[in-house]
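Some notes on the structure that comes next.
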Amino acid sequence: GNRFRSPLVAACLREAAKELPVTIGSAGILDLEPMPPLDGALKAADELGLDLSEHRSRYVGSISLRDADLVLGFERAHVTTAVVDGGAPRDRTFTLPELVSLLEDGWPLEADDPLDHARRAIEQADRFRAPSPGVALPQIEDPIGTSEQRQQETAREIVDLSGRLAVLLFGDTVAPFVPSLPPPGRRAWRGLLRRRG
């Protein structure tokens with residue numbers, strides 16, 4: 001629905017690549033009217049120091065992804081829909097955890113220009129991906145309807161993967177977004193300590 005995972009990744013990557021001439025957008029596979037992020041995403045973003053207040057959902061079938069240098073999804077259905085309905089190039093469409101894994105397992109790349117580095121990294125990832133369409137893609141499950149703790153864990157995973165991806169794509173020219181999100185359980189301990197005085 002383009003209301004939790006995608007807006008968080010887009011915000012993290014925008015922050016990491018803010019000095020680069022790149023355009024980062026967000027779309028979902030459900031054809032919804034423009035809607036704000038889910039409360040869990042807004043809360044997670046706020047705790048991360050990100051602002052999602054201007055985000056509104058949009059449908060991937062309403063835009064063209066033909067000229068996109070990179071398209072990311074979180075589940076196999078996202079990749080398929082982006083290619084079929086959005087016209088995304090198959091060789092530049094991945095799930096987020098799939099791409100990070102492929103790039104981390106790949107060869108080190110040298111390029112002076114961060115955009116050239118990113119394009120070469122994406123080409124390499126496509127060459128290294130499993131040739132069989134039956135191979136399960138690593139995914140990030142939709143946290144909608146889950147507990148606040150699970151939503152926070154999903155947000156933390158997304159931020160971690162987004163930061164790693166930014167450096168893998170653009171090299172040392174970017175600094176990954178460093179969240180201010182507390183580690184799991186930290187708030188509970190703080191509350192306990194306060195109560196004990």
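Because the structure is predicted, anything quoted here is derived from the model rather than measured. Numbers here are sequence positions counted from 1.
- Arg5 places no side-chain N or O within 3.5 Å of a backbone atom of Ile158 that could act as its donor or acceptor partner.
- For Arg120 and Glu123, the salt-bridge test fails: no basic side-chain N is under 4.0 Å from an acidic carboxylate O.
- In the hydrophobic cluster analysis, where Ile, Leu, Val, Met, Phe, Trp and Tyr join through side-chain heavy atoms closer than 4.5 angstrom, Leu115 is grouped together with Leu70.
- Contacts of Ala82 classified as side chain to side chain contact (heavy atoms under 4.5 Å, CB included), with partners at least two apart in sequence or in another chain: Leu65, Val71, Ala88, Thr93.
- By the salt bridge (charged side-chain N to carboxylate O under 4.0 Å, His left out) test, Asp113 pairs with no residue at all, sequence neighbours left out.
- Val83 forms part of no hydrophobic cluster, judged by ILVMFWY side-chain heavy-atom separations under 4.5 Å.
- Applying the salt bridge (charged side-chain N to carboxylate O under 4.0 Å, His left out) criterion to Arg56, with sequence neighbours excluded, gives no partner residue.
- For Leu161, the side chain to side chain contact (heavy atoms under 4.5 Å, CB included) partners at least two apart in sequence or on another chain are Leu96, Pro97, Val100, Ile140, Glu157, Arg164.
- Under the 4.5 Å side-chain heavy-atom criterion for Ile, Leu, Val, Met, Phe, Trp and Tyr, Ile29 and Leu8 are members of distinct hydrophobic clusters.
- Under a cut-off of 6.0 angstrom, the local environment of CZ in Arg127 is crowded, with over 12 non-hydrogen atoms contributed by other residues, nucleotides or ligands.
- Residue pairs meeting the salt bridge (charged side-chain N to carboxylate O under 4.0 Å, His left out) criterion with at least one member in residues 80-102, sequence neighbours excluded: Glu98-Arg129.
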| message | If you apply the rule side chain to side chain contact (heavy atoms under 4.5 Å, CB included), what do you find for Thr95 with Glu75, and how did you get there? | response | CA-CA 6 Å; Thr95 66; Glu75 302 171 26; 5.8 Å; no
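- Side-chain contacts under 4.5 Å among hydrophobic residues (ILVMFWY), followed directly or transitively, place Met35 together with Leu30, Leu32.
- In Asp160, the CG atom is crowded: over 12 heavy atoms of neighbouring residues, nucleotides or ligands sit closer than 6.0 Å.
- Applying the side chain to side chain donor-acceptor pair (under 3.5 Å) test to pairs two or more places apart or on separate chains, none has a residue in residues 136-147.
- Side-chain contact annotation: Gln149 with Glu153, donor-acceptor N/O pair under 3.5 Å present.
- Linking ILVMFWY residues whenever their side-chain heavy atoms come closer than 4.5 Å, directly or via other members, places Leu102 and Val9 in the same cluster.
- Applying the side chain to side chain contact (heavy atoms under 4.5 Å, CB included) criterion to Asp51, with sequence neighbours excluded, gives Ser53.
- Hydrophobic clustering places Leu48 together with Leu165 (ILVMFWY residues linked when any side-chain heavy atoms are closer than 4.5 Å, directly or through intermediates).
- Within the structure, the ring pair (Phe, Tyr, Trp, His ring centres under 6.0 Å) test picks out the following pairs touching residues 81-129 (sequence neighbours left out): Trp107-Phe128.
- Not a single donor-acceptor pair under 3.5 Å links the side chain of Thr81 to the backbone N or O of His78.
- The main-chain N or O of Ile24 is found under 3.5 Å from a side-chain atom of Arg14 such that the two form a donor-acceptor pair.
- Within the structure, ring pair (Phe, Tyr, Trp, His ring centres under 6.0 Å) contacts touching residues 14-53 (residues at least two apart or in different chains) do not occur.
- Between Gly1 and Ser57, the shortest heavy-atom distance links the atoms O-CB, 3.4 Å.
- The side chain to side chain contact (heavy atoms under 4.5 Å, CB included) check on Ser6 picks up Asn2, Ser26, Phe74, with sequence neighbours excluded.
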